[in-house]
Amino acid sequence: QLFGYVFLLDLGFLLASYFRRWRDLALVCFIGTYLTFMAWHAVHYTSVQLPVAFGFLTSFAAIFLLAQIIPSLTRGKPSTVRDLSLQVANAVLYFGYAYLLLKPNFGSSIGFFFVLGAAVYLALAYRMSSREEEDRYHRYGLATIGLALVTLAIPLELDRNLVTVAWAVEALALTWVGFRLRSYELRAFGSTIFLIAGARLLFLDSSLRGAPYQLILNDRFIAFSLAIACALLARYLYRSRTAELKPEEQRVPQVLGVA
């Protein structure tokens, strides 16, 4: 009954957002909804209530996602930094609590769930980018959330060393697409993933704990070789397209060359 009442209030807010963008009301509804869910989850939740909890959590997240993009899609109203902040906070809270709810019984499928979420956000980002009116906050916000979900899904689904390799391949793909689309933001995201993959390579994958000794072709050797190959290919892309680089990207080829 509690969540049903909250759902009706949020649904009313969603309908109102079609006609007006009441940003203060959006913030109040967002905070009130998630605080109610968090308090209930902390005090009353049991595994028996998983379907109800997950169903309402998904409904709340969908309402706030749609409430942010409907004014832009239907009335051409540009988004703001506050809209972007709510969009990110909505994704963080939803996928964070979805992970807590699903992990005990569906731990092996959480990575796939994150990939599905990424597909939704990337599809919405594409829809926003195909419009005549540019809405950069929604476009890049949705795309960044989608790419972040893919990045998080990788360690949830793959074995230890394959995580680093997958991140390196993702970073290389983002770099290539960034040059193809002339998108500095995609290239910057790719460089960030390269840094994360490099840190993991040095601090987690550099040991062979529990593995029999093998001079070459061991897991560490393969992970290092493939990650370095991706970094060098990305460096080649940067070196061959120097005319397109922004000032803050000038040192990226040197950093990738350290590999």
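By the 4.5 Å heavy-atom criterion applied to side chains, Thr144 and Glu185 are not counted as neighbours. Side-chain contact between Thr33 and Ile63: absent, with no pair of heavy atoms (C-beta onward) separated by less than 4.5 Å. Counting heavy atoms from C-beta outward, Leu152 and Phe95 have side chains that stay 4.5 Å or more apart. With a 4.5 Å cut-off on side-chain heavy atoms, Phe179 and Leu186 do not count as touching. Residues Glu170 and Trp167 meet the side-chain proximity criterion, which asks for heavy atoms closer than 4.5 Å.
Applying the side chain to side chain donor-acceptor pair (under 3.5 Å) criterion to Arg251, with sequence neighbours excluded, gives no partner residue. The side chain to side chain donor-acceptor pair (under 3.5 Å) check on Tyr121 picks up nothing, with sequence neighbours excluded.
A single hydrophobic cluster is seen to contain both Val177 and Leu256, as judged by linkage of ILVMFWY side chains at heavy-atom distances under 4.5 Å, directly or through other members. Connection of Leu172 to Val150 is not established within any shared hydrophobic cluster, with ILVMFWY side chains joined at heavy-atom distances below 4.5 Å, either directly or through further cluster members. There is a path of hydrophobic side-chain contacts, each under 4.5 Å, that joins Val88 to Leu35. Cluster annotation: Val92 and Leu156 are assigned to the same hydrophobic cluster (Ile/Leu/Val/Met/Phe/Trp/Tyr, side-chain heavy-atom contacts under 4.5 Å, transitive). Linking ILVMFWY residues whenever their side-chain heavy atoms come closer than 4.5 Å, directly or via other members, leaves Leu142 and Val115 in distinct clusters.
In this structure, the separation between CD1 on Ile154 and CD1 on Ile196 is 10.5 Å, given to the nearest 0.5 Å. From Phe60, atom CZ reaches atom CG of Leu57 across 8.0 Å, with rounding to the nearest 0.5 Å. Atom CH2 of Trp176 is separated from atom CZ of Arg187 by 14.0 Å, given to the nearest 0.5 angstrom. Taken to the nearest 0.5 Å, the OH atom of Tyr94 stands 14.0 Å off from the CZ atom of Phe64.
If you look at Phe54 and Phe106, their ring centroids are not closer than 6.0 Å. Aromatic rings from Phe37 and Phe56 are positioned such that their centres are separated by 6.0 Å or more.
A donor-acceptor distance shorter than 3.5 angstrom exists from the side chain of Gln49 to the backbone of Thr46, with no hydrogens or angles considered. Listed for the Ser240 side chain is a donor-acceptor partner under 3.5 Å among the backbone atoms of Leu237.
In this structure, Phe114 and Tyr99 have perpendicular ring planes: the angle between them is above 60°, well past the 30° mark.
The other members of the hydrophobic cluster of Leu116, by chain and number, are Phe112 (side-chain heavy atoms under 4.5 Å, ILVMFWY only).
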